[in-house]
Amino acid sequence: MRKWTKKLFYALCLLSLLTLAACSDSSKETTSTNSGGSGTTSKGEKTMYLGLTNPPGTLNPINATDVSSQIVTSILFETLYDLDDKLQFQPKLAESLESKDNQNYVLKLNSKAKWTDGQPFTAEDIVFTLQLMANPKVASTGLKGLSVIDGLDNTGILPAGQKGITGLKVVDDHTLNIKTKNPIDPNYLKEQLGVNIRFLPKHVLKDVDPEQLQSNPFMQNPNVTNGAFKLVKFAKDQYVEFAANKDYYRGTPKLDKLFFKVLPSANLVAQLQTGEIQMTVPSVGPIAAEDYDKVKNMSTVNLVPGTPIYPQFLYYNVKTLSDVKVRQAIAYAINRKTIVDKLYKGQGEVNDGPYSTVHPYYNKNMTNYDYDPKKAKELLKEAGWDFNKTIDFAVPAGMKTREMQATVMAQNLQAIGLKVKISKYDLPTILQKGAKHEFDILLIGIPFQLDPDRSVFFQTGAPYNFAGYSNPEVDALLDKGKKEADPAKRHKIYEQLVEKLQQDLPVANLMSSTAPGAVSKKVKNAVPKDLGMFYNIQDWDIEQ
């Protein structure tokens, strides 16, 4: 069985969404390639510059855990589907995924898809990649979300002595049969397999020792890919340079070059003004709330409001805050509406539970923790709280608004008599603190996921269960929800789950924040948005 501690750090960076602005100094930026916003290089090539504040950490497509890395690797390595801003699955490498019984699926691949060395993308590449990710000796994000496939254990690992995933059968180059352990919601498979997994070229890596894959030169400089753009250079913490893949199966890109520039938040706005970047990436380079009005008033730029889809979790350490009344008191004490209205300039919504307000499984009838400091004080008194104890509040550093939010929250808690110490950490450190439960309360943003399964956050021993929470009833509901194929029945299961979580409160959802984006008026066919932003990347264009 996989030891979570062996790979946990790699998996944790997934939770970096909207938690941390990049720490890189602006003096490290590579601007010599930029022509001052004209959208051209000295050779007359069409070039677009995108700004992000969170630097990608890796180009390894099966171990891309921070959101910036997931975006960059998805541009190089196509996914089967993309999830758009209308919460619909749009096909990419996949042509279709169908089943008559919700257990035996037939995946048809786009027959035109090929790698940049001319070799076709096949079902063998999918099986090869999934079996690597199911190997506990391979550094990867793992297949926890695909443990529903026959032949994998409950952690998404191949059982000892088993050489292949029995639920995968290659029919031909462009057809793969997938069998799950029991009937499941088709959208679950589309998201977990279709959107979240990027595939490796078997013909390039088949002879590499799986244990040495992480250090293989291909993972630092992937030169055989299948996306709309090919890698030119990855200057870590500075920029990623791409060139068009002229043989891209969905059409030759209109742009010749594409740059992702890593910038501090203030420089992001400044370079939008000067035209040194033409677009931001909301999920990893949102316009900060304090800069919202400034960008809105730029005559050469369109500001694009975001959608409130990103929950902000306040994790409680259920060992150090073992009395649920204390956790509930903290929730009642926080004035979330003031935080949204004042700090975030209204760019967000107050809500409870593990889902954002626009999520299909959002439970409108759940127990809520509206601002009520009087009730908070009563609960602390009932719990017999020791007011001499100091609460360690772990906060991600680097994003001004988030740090200000933590200060307001600490003031709210102090107003009901609690002693609070804010501890700011960089991203790797705060994620390690979360994994080791070295905090009392911890603030972090959570990426959007369409499927309602939240096992990774709340199931006993799960990798993102920072709270250290364990409840057999919740574990059973999570298992039941994952295995149920009927959406109507799933809704009822997750309604029960949400209510139970709201009672136990291992995590409080403070709000669902938005991530506004910005784009130059010279840009055509491209819009900064939360979901599906890169689906039509081959059609992006810019005025010369």
Side-chain angles (χ1 to χ4, degrees), residues 1-16 62-63 65 133-149 151-160 162 165 180-182 184 188 192 196 311 313-322 324 327 353-355 394 428-442 444 446-447 449 451-484 493-494 496-498 500-509:
M1 182 177 288
R2 170 182 297 201
K3 303 243 181 230
W4 285 113
T5 55
K6 182 177 180 181
K7 299 182 181 179
L8 187 54
F9 174 73
Y10 297 107
L12 295 176
C13 293
L14 173 63
L15 301 179
S16 66
I62 65 170
N63 205 24
T65 48
M133 296 179 73
N135 185 338
K137 296 181 180 179
V138 174
S140 78
T141 55
L143 295 179
K144 173 68 175 177
L146 289 173
S147 62
V148 294
I149 294 179
L152 294 173
D153 70 14
N154 289 334
T155 64
I157 295 299
L158 278 172
Q162 185 173 305
I165 303 175
T180 57
K181 296 172 183 174
N182 47 265
I184 62 170
Y188 181 89
Q192 294 296 334
N196 295 343
F313 277 6
L314 182 68
Y315 276 97
Y316 298 98
N317 185 330
V318 298
K319 304 300 181 186
T320 61
L321 302 177
S322 57
V324 67
R327 303 197 293 271
Y355 308 114
T429 303
I430 199 170
L431 294 172
Q432 289 176 351
K433 291 284 183 181
K436 296 177 180 178
H437 315 298
E438 295 177 347
F439 65 91
D440 292 315
I441 53 177
L442 182 150
I444 201 161
I446 303 298
Q449 176 182 305
D451 192 84
D453 178 48
R454 294 296 182 267
S455 300
V456 293
F457 301 121
F458 301 111
Q459 197 147 36
T460 301
Y464 316 142
N465 186 348
F466 291 173
Y469 175 65
S470 180
N471 184 320
E473 184 179 348
V474 166
D475 289 346
L477 286 169
L478 288 165
D479 287 337
K480 186 178 180 181
K482 191 187 301 185
K483 294 174 182 177
E484 179 55 62
I493 293 169
Y494 287 106
Q496 296 177 52
L497 173 69
V498 168
K500 186 60 183 172
L501 290 173
Q502 286 299 95
Q503 292 171 8
D504 291 355
L505 211 64
V507 170
N509 186 0

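With a 4.5 Å cut-off on side-chain heavy atoms, Thr460 and Asn465 do not count as touching. Annotation: side chain of Arg454 is not in contact with side chain of Tyr494 (no heavy-atom distance under 4.5 Å). With contacts defined as side-chain heavy-atom distances shorter than 4.5 Å, the pair Lys319/His437 does not qualify. For the pair Gln192 and Gln449, the minimum side-chain heavy-atom distance is below 4.5 Å. Proximity of Lys181 to Asn154: side-chain heavy atoms (C-beta onward) are separated by under 4.5 Å at one or more points. When side chains are defined from C-beta on, Leu478 counts as touching Leu497, because their heavy atoms get closer than 4.5 Å. Side-chain atoms of Asn196 and Leu146, non-hydrogen and from C-beta on, never get closer than 4.5 Å to each other. Counting heavy atoms from C-beta outward, Ile446 and Tyr464 have side chains that stay 4.5 Å or more apart.
Nearest heavy-atom pair across Asp475 and Phe458 is OD1-O, 4.2 Å. Looking at every heavy atom in both residues, Tyr355 comes nearest to Pro452 through OH-O, 2.6 Å. Leu321 and Arg327 get closest at one heavy-atom pair: O-NH1, 2.7 Å. The two residues Thr180 and Asn182 come nearest to each other via the heavy atoms OG1-O, 2.7 Å. Of all heavy-atom pairs between Gly156 and Ser147, the closest is N-CB, 3.7 Å. Here the shortest heavy-atom pairing between Thr320 and Phe439 reads OG1-O, 3.9 Å.
Between Phe457 and Phe313, a ring centre-to-centre spacing shorter than 6.0 Å is recorded.
Note that CD of Glu484 and CG of Asp453 are 13.0 Å apart. Values are rounded to the nearest 0.5 Å. With rounding to the nearest 0.5 angstrom, the NZ atom of Lys500 is 9.5 Å from the CG atom of Leu477. Rounded to the nearest 0.5 Å, atoms CD (Gln503) and CD (Glu473) are 8.0 Å apart. In this structure, Leu314 CG and Asn509 CG are separated by 10.0 Å, a value rounded to the nearest 0.5 Å. Atom CD1 of Ile184 and atom CD1 of Ile149 lie 7.5 Å apart (nearest 0.5 Å). Put simply, CG on Asp153 and NZ on Lys144 are 8.5 Å apart, with the number rounded to the nearest 0.5 Å.
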Q | Chi angles and distances behind the side chain to side chain contact (heavy atoms under 4.5 Å, CB included) call for Leu158, Ile165 | A | CA-CA 7 Å; Leu158 278 172; Ile165 303 175; 3.8 Å; yes

Q | CA sep, side-chain torsions, deciding dist, call: Met133, Thr141, side chain to side chain contact (heavy atoms under 4.5 Å, CB included) | A | CA-CA 7 Å; Met133 296 179 73; Thr141 55; 3.4 Å; yes

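Contact check on Asp479 versus Lys483 returns no salt bridge, with no Lys/Arg side-chain nitrogen under 4.0 Å from an Asp/Glu carboxylate oxygen.
Put simply, the side chain of Tyr316 never gets that close to the backbone of Val324: no donor and acceptor are under 3.5 Å apart.
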